Amino acid sequence: MKRELHIDSATVVLGIETSCDETAAALVMGGNDVLSSVVASQLDIHARFGGVVPEIASRAHLESITPVIDEALTKSGLGFDRVDAVAATVGPGLIGALLVGVSAAKALALTLGVPFVGVNHLEAHLYAALLDDPNVEFPMLVLLVSGGHTMLVEVRRPGDYKIVGQTRDDAAGEAFDKVARFLNLGYPGGPVIDKLAKTGDAQAVDFPRAMLNDGLDVSFSGLKTAVINYVRKNQTAKTSDIVASFQSAVVDVLVAKTMRAAIDLGARTIAIGGGVAANSLLRAEISRSCESQDFRLVLPSMAMCTDNAAMIASAGWHRLNLSGGSRMDVGAYPNMGLSVEMA
Ligand code: KG4
Ligand code: ZN
């Protein structure tokens with residue numbers, strides 16, 4: 001039997017995330033009170049292949065989804081009877097992986113008689129910043145930097161976004177992963193480069209800062225090629241110096257573009273999100289720039305930067321509030337963009 005749903009600060013959303021290589025579930029109340037957040041990472045399974053293997057990811061999600069949801073409920077201290085809606089990522093992501101979460105969420109929603117909410121993974125990354133700091137002032141400029149996406153998004157208010165800049169080729173995380181793979185540093189590349197760069201000299205190699213003074217778009221594929229060419233010509237160069245110089249080039253561009261966009265748009269707040277937002281140099285440099293230019297900065301915790309289901313539940317709460325639940329025939333959309341509206 002369907003329950004009447006009034007969305008407010010007591011509304012509890014169960015969020016489910018299975019778009020890539022993390023199986024995650026979380027309970028969030030009122031859009032920003034995280035009652036529990038459980039993430040089962042498949043990193044170890046995929047590491048030996050040097051990247052995510054889609055079929056293996058789908059199977060691992062199938063094995064983990066029920067225990068992960070159970071654990072999220074147990075940790076929240078609530079029973080299924082307190083779940084008011086079930087939200088799941090419907091895109092973008094790997095089709096087989098997405099379908100595991102979407103199917104589980106729809107089945108649960110039907111069984112419990114509550115709404116199902118399809119969530120855009122990119123929109124959820126925007127809300128992740130608000131989870132740690134819900135009282136931000138709009139307009140907010142978000143630098144969203146993950147393994148699959150790099151974009152600057154103007155958020156005028158929840159649900160009202162505009163992409164003002166994006167990558168012309170590789171995503172920032174993809175550049176970290178590709179450079180790490182070339183240097184045999186393992187997968188994912190971001191965390192290992194971040195750590196190794198701390199022992200290197202960021203001035204050692206003057207890698208290109210593509211499009212630094214040219215609009216708000218970015219490009220990282222030339223930088224990746226420059227690193228590869230440099231290493232081939234300088235076989236004895238220290239790996240720590242190379243990755244420190246590479247990381248510094250990425251961060252210089254990301255910070256410069258973010259600050260320019262924030263000034264151009266008259267943003268009140270700047271936030272960062274996505275896996276690369278866990279990068280220690282990016283966090284330090286953007287903090288420094290925001291302080292010197294008087295911008296309020298929202299730096300999500302590391303756990304809220306990388307993929308998790310609390311951000312899905314939060315985005316689900318906002319979606320419910322803005323437009324209600326999704327139709328049950330909503331599917332999974334591997335190439336979904338930020339602006340695509342769902343039924
Ligand atoms: O947002 P996310 O968890 O998954 C996607 O939606 O893509 O981001 C994963 C990406 C990977 O490319 C990974 O190398 C990168 O985030 N990453 C980092 C760091 N931690 C994760 N990149 C730079 N520095 C880090 N500390
Ligand atoms: Zn993500």
Side-chain angles (χ1 to χ4, degrees), residues 1-20 22-41 61-91 93 97-121 123-128 130-132 134 158-159 301 303-304 307-332 342-343:
M1 203 183 62
K2 266 206 155 47
R3 288 191 237 148
E4 267 306 304
L5 186 57
H6 171 73
I7 316 296
D8 60 20
S9 59
T11 305
V12 175
V13 178
L14 165 63
I16 296 176
E17 155 64 33
T18 62
S19 65
C20 190
E22 258 101 27
T23 316
L27 279 105
V28 175
M29 187 156 69
N32 56 37
D33 185 3
V34 182
L35 306 177
S36 65
S37 178
V38 177
V39 181
S41 174
H61 283 308
L62 266 180
E63 276 172 26
S64 304
I65 188 85
T66 306
V68 164
I69 293 172
D70 273 349
E71 194 182 336
L73 270 168
T74 307
K75 287 198 165 145
S76 74
L78 301 182
F80 272 124
D81 57 324
R82 270 298 279 114
V83 172
D84 297 309
V86 186
T89 305
V90 295
L98 288 166
L99 282 170
V100 175
V102 171
S103 308
K106 284 183 183 174
L108 265 176
L110 280 172
T111 312
L112 300 173
V114 300
F116 158 73
V117 196
V119 167
N120 181 322
H121 183 87
E123 183 174 276
H125 269 302
L126 300 180
Y127 284 114
L130 305 182
L131 270 173
D132 285 324
S301 62
M304 285 305 141
D307 287 349
N308 65 85
M311 67 183 193
I312 306 301
S314 172
W317 184 91
H318 284 284
R319 272 270 144 236
L320 272 173
N321 201 23
L322 289 167
S323 48
S326 305
R327 286 175 17 195
M328 275 297 172
D329 60 358
V330 163
M342 265 165 307

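Given the structure is predicted, the values throughout are model-derived calculations rather than measurements. Just the heavy atoms: all of them, side chains too, but no hydrogens, waters or symmetry mates, feed the values below.
From L35, atom CG reaches atom CE of M29 across 5.0 Å, with rounding to the nearest 0.5 Å. Of the inter-residue distances, the one linking Y127 atom OH with H318 atom NE2 reads 5.0 Å to the nearest 0.5 angstrom.
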Verify side chain to side chain contact (heavy atoms under 4.5 Å, CB included) between F80 and L73, making sure each step is shown before the conclusion. CA-CA 8 Å; F80 272 124; L73 270 168; 3.2 Å; yes
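For the pair K106 (side chain) and V86 (backbone), a donor-acceptor distance under 3.5 Å is absent. The backbone N or O of G101 lies less than 3.5 Å from a partner atom in the side chain of T18, making a donor-acceptor pair. In this structure a side-chain-to-backbone donor-acceptor pair under 3.5 Å is present from S314 to G31. Between the side chain of E123 and the backbone N or O of H125, no donor-acceptor pair lies under 3.5 Å. Judged by distance alone, with hydrogens and angles left aside, the side-chain atoms of W317 form a donor-acceptor pair with the main-chain N or O of D8 at under 3.5 Å. Side-chain atoms of S326 come within 3.5 Å of backbone N or O of G118 as a donor-acceptor pair. In this structure, the side chain of S19 does not engage the main chain of G93 through any donor-acceptor pair within 3.5 Å. In this structure, the side chain of T89 does not engage the main chain of G91 through any donor-acceptor pair within 3.5 Å.
Scanning for side-chain hydrogen bond (donor to acceptor under 3.5 Å, both in side chains) contacts around E63 gives an empty result, with sequence neighbours left out. Among residues two or more places apart in sequence or in another chain, the side-chain contact (heavy atoms from CB on, under 4.5 Å) test is passed with T74 by none. Considering only residues two or more places apart in sequence or on other chains, V68 meets the side-chain contact (heavy atoms from CB on, under 4.5 Å) condition with T23, A25, V38, A40, S64.
For the pairing with D84, the side chain to side chain contact (heavy atoms under 4.5 Å, CB included) check across V13, L14, T11, V114 returns one residue only, T11.
Between L78 and V12 there is a side-chain heavy-atom pair separated by less than 4.5 Å.
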